[in-house]
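The structure under discussion appears below in the form of structure tokens.
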Amino acid sequence: MSDLKELCSGLPLDPLPPNRERDPNVPHAPVRTPNLTAEEQRLALRNALRYFPPSHHATLASEFAQELRQYGHIYMYRFCPTVRMRAYPIDQYPCRTRQAAAMMLMIMNNLDPAVAQFPQELVTYGGNGQVFSNWAQFRLVMHYLSEMTEEQTLVMYSGHPMGLFPSLPSSPRAIITNGMVIPNYSSREQYERMFALGVSMYGQMTAGSYCYIGPQGIVHGTMLTVLNAGRRYLGTDDLRGRVFVTSGLGGMSGAQAKAAVIAGCVGVIAEVDEAPLRKRHEQGWVMEVTSSLEQCIKWIREARASKTPLSLGYHGNVVDLWERLLLEFERTGELLVDLGSDQTSLHNPYNGGYYPVPLSFRQANQLMSTDPGRFRSVVQESLRRHIKAINKLADAGMFFWDYGNAFLLEAQRAGAEVSKVGGGATEFRYPSYVQHIMGDIFSLGFGPFRWVCTSGDPQDLAVTDDLAAEVLEEIAADVSERVRQQYRDNIRWIREAGKHKMVVGSQARILYSDQKGRVRIALAMNQAVAEGRVSAPVVISRDHHDVSGTDSPFRETSNVYDGSAFCADMAVQNFVGDAFRGATWVALHNGGGVGWGEVINGGFGLLLDGTDEAAKRARLMLNWDVSNGVARRCWSGNTNAYETIQRTMEENRQLRVTMPFPVQDEHVLDRALQG
């Protein structure tokens, strides 16, 4: 408790903490290459020093300048706290309101070394998903939150705390924006420059909104994707003996190994960086590890034959793995892979998001910092090889999909053969998982609903698991067959969640639910807090990757075909609507998933403290948070969304949505356009 009080006391200035520089025992972000001019370097340094009194400028200026030269960014390592970074029980945080304490808990969870990808660079996941831009911002935010009352709102500009501003008790306690750049300047090159200057930040999705819950947050969605891919492409629910090949074991992609085993298949995941591979193996998420392609092929054959679920981590480049699988097919006629995808961080292809063949991990890191142009060429050549092998295996009967990480988008930009003949602007040779596998669940109102038990007590999580399962089972008895399958999958998930030991960091859980389920689960949890069955408040949230939260033409809105896939009204409206309907905090981001300049997305956190006020907020905000996106998808012409929002209006007479009249006779258009 005394450590947290000290942590929340503001910037330590008298005396300055010792400069310990970077910890060699934790993974670190790749060196950034912003290519600043001499004048821009001066500006970056001036911007960093404005957090500190002039009496410290002489001391700090030289080390900040060294960080900028050496790492391409000023992280202010001197101010990285020595206190263990983790989600402490909510009652241990010094605060004037539990709403602020909830945010402190969530922030520290995002920076927990067991959770964060590059903790000292304040990167939670995705290679560059920042919580803050530097450690001064972290310390100031924690101080502001400890002092905040319920008549103040913390305003966050791309990691920078602008300050506490007077507001209403019903207002959000924090308003967060990340990367809100004028559209014509939202390029990768401008991003690198603005991040180095300390004026903008890439918050990914739940990194910069303080809502990440570790790789479990994507396990469930990945499991559902693999299960539904089996149903769609293989015609079966039984994936025993089926092989799923992909890449990445980092912050989000680390979920793939666990999800594959839960789905019952053989998951083979390539990872070039030994640190995340070792972390997932130690956590029990990866069952076997090898750097030998021979051993990899041997284990695949054995697991296929025995139909034993297996998560196999291949320490090497995924291109080498795909090419070896192709070689086995060409030699023997045996297709060893049924399903394929990719979760390399291709939203960030030239700064550590994608490691190309034939370079080693170390060689790639060196080349990207010393010769970015050459590195870019090697990445693009690797992507062409990558796709060539996948195309040949797909022609042989393997089913491949894009995981919304800009894999096909960047492959297309590299000149790989991924175009779809006659396809639209968001279509490729292989579908996005949203388009073919998961897309219509958004139109049904289903998406990733999350909660965190702020007590840190596993027993509270077990109680909330049971509550959620009971709610879903009750609702599932009276829904259409199309919706019932989604409920079945999620009831199975939540009933088995505890035994799969997925908690990393905070005591958190995720499931996919529709509007009715989310509202009723939240109300049940709030009531359990009020009655003492859950010992402390619960934070509810969701991934930004959801029904209404994200406008992303190559992922979340890739199956919107009325021409509005590149419009961002839905995500912005959702952010604003959540704010005035009761969210404890809200966030709006440029980028996330597919990358900077490609996406606008937002999220929220809402504290359930057992009060009637919390129940009112949850009911009002969660209904909006789902109906907004369903209404938009309905207007775009989606029939599932039409039926969903029609049914919702029947249940809530205050909801009135503009419904589309589809053109029933295409000849009307033909005649009109022919003059």
Side-chain angles (χ1 to χ4, degrees), residues 26-30 112-119 123-129 204 207 212-223 225-226 243-263 265-293 295-296 299-300 303 309-322 337 339-349 352-357 360-362 364-365 386 403-405 407 500-505 593:
V26 299
H28 289 284
D112 181 341
V115 173
Q117 186 178 13
F118 305 125
V123 172
T124 300
Y125 70 93
N128 60 350
Q204 257 288 359
Y212 190 64
I213 61 168
Q216 178 196 172
I218 199 66
V219 171
H220 183 39
T222 305
M223 182 206 73
T225 300
V226 174
V243 178
F244 169 50
V245 172
T246 182
S247 62
L249 285 167
M252 295 293 276
S253 56
Q256 297 180 105
K258 176 72 81 171
V261 171
I262 296 173
C265 68
V266 178
V268 186
I269 304 94
E271 174 57 66
V272 293
D273 186 354
E274 186 179 7
L277 179 61
R278 186 171 61 248
K279 178 191 284 190
R280 299 302 173 215
H281 189 231
E282 290 170 354
Q283 290 170 342
W285 288 45
V286 172
M287 296 161 65
E288 300 287 354
V289 172
T290 183
S291 58
S292 163
L293 283 170
Q295 184 63 51
C296 193
W299 274 336
I300 289 172
L310 172 68
S311 54
L312 169 58
Y314 167 60
H315 183 209
N317 198 293
V318 70
V319 181
D320 292 328
L321 176 59
W322 281 118
V337 53
L339 302 170
S341 192
D342 186 274
Q343 278 201 39
T344 45
S345 297
L346 271 155
H347 66 276
N348 182 33
Y354 182 88
Y355 284 82
V357 287
S360 69
F361 182 66
R362 179 173 294 181
N365 278 326
H386 198 153
Y403 222 113
N405 58 333
F407 174 64
H500 291 299
K501 299 179 180 178
M502 290 177 294
V503 169
V504 177

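No hydrogens, no waters, no symmetry mates; every other heavy atom, side chains included, goes into these values.
- Here the CG atom belonging to Asp342 is positioned 12.0 Å from the CD1 atom belonging to Ile269, to the nearest 0.5 angstrom.
- In this structure, Thr222 OG1 and Gln216 CD are separated by 11.5 Å, a value rounded to the nearest 0.5 Å.
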Subject >> Audit row: His281, Glu288, side chain to side chain donor-acceptor pair (under 3.5 Å) steps and yes/no >> reply: CA-CA 7 Å; His281 189 231; Glu288 300 287 354; 5.7 Å; no
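- With a 4.5 Å cut-off on side-chain heavy atoms, Phe118 and Pro30 count as touching.
- You'll find the side chain of Phe407 stays beyond 4.5 Å of the side chain of Gln343, heavy atoms only.
- You'll find the side chain of Thr290 reaches within 4.5 Å of the side chain of Leu312, heavy atoms only.
- To the nearest 0.5 angstrom, Glu282 atom CD is 9.5 Å from Lys279 atom NZ.
- Contact record, Ala260 with Gly267: CB-CA, 3.7 Å, taken as the closest heavy-atom pair.
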**OP:** Start with the C-alpha distance between Val261 and Leu310, add both sets of side-chain angles, then the distance that settles side chain to side chain contact (heavy atoms under 4.5 Å, CB included), and finish with yes or no.
**Re:** CA-CA 6 Å; Val261 171; Leu310 172 68; 5.8 Å; no
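- Closest heavy-atom contact between Pro27 and Pro119: O-CD, 4.1 Å.
- Residues Leu346 and Pro349 approach most closely at O-CD, 3.3 Å, considering heavy atoms.
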Original post:
Can Tyr403 and Thr246 be said to form a side chain to side chain contact (heavy atoms under 4.5 Å, CB included), step by step?
Top reply: CA-CA 10 Å; Tyr403 222 113; Thr246 182; 5.9 Å; no
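- Interatomic distance, OH of Tyr354 versus CG of Asn317, reported as 6.0 Å (0.5 Å rounding).
- With hydrogens and angles disregarded, a donor-acceptor distance shorter than 3.5 Å links the side chain of Lys258 to the backbone of His500.
- Nearest approach of His315 to Leu277, heavy atoms of both residues: CB-CD2, 3.4 Å.
- Side-chain contact between Val219 and Ile262: present, with at least one pair of heavy atoms (C-beta onward) separated by less than 4.5 Å.
- Within the model, atoms OH of Tyr355 and OG1 of Thr344 stand 11.5 Å from one another, a figure rounded to the nearest 0.5 Å.
- Side-chain atoms of His386 never come within 3.5 Å of backbone atoms of Trp322 as a donor-acceptor pair (strictly under, hydrogens ignored).
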Subject >> Test log, rule side chain to side chain contact (heavy atoms under 4.5 Å, CB included), inputs Phe244 and Gln256 >> reply: CA-CA 10 Å; Phe244 169 50; Gln256 297 180 105; 4.2 Å; yes
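- Put simply, the side chain of Pro276 reaches to within 4.5 Å of the side chain of Glu271, judged on heavy atoms.
- Side-chain contact between Val26 and His28 is present, with at least one heavy-atom pair separated by less than 4.5 Å.
- Aromatic ring pairs are classed by plane angle as parallel below 30°, tilted from 30° to 60° and perpendicular above 60°; the pair Tyr212 and Tyr125 is parallel.
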Original post:
Do Val226 and Cys265 pass the side chain to side chain contact (heavy atoms under 4.5 Å, CB included) test, and can you show the C-alpha distance, the side-chain angles, and the key distance before you say yes or no?
Top reply: CA-CA 9 Å; Val226 174; Cys265 68; 4.1 Å; yes
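- Between Val268 and Trp299 there is no side-chain heavy-atom pair separated by less than 4.5 Å.
- In this structure, the side chain of Ser292 engages the main chain of Gln295 through a donor-acceptor pair within 3.5 Å.
- Residues Met287 and Pro309 share a closest heavy-atom pair of CE-O, 3.7 Å.
- Scanning both residues, Ser311 and Ala257, for their nearest heavy atoms gives CB-O, 3.6 Å.
- To the nearest 0.5 Å, atoms CD (Glu274) and CG (Leu249) are separated by 12.5 Å.
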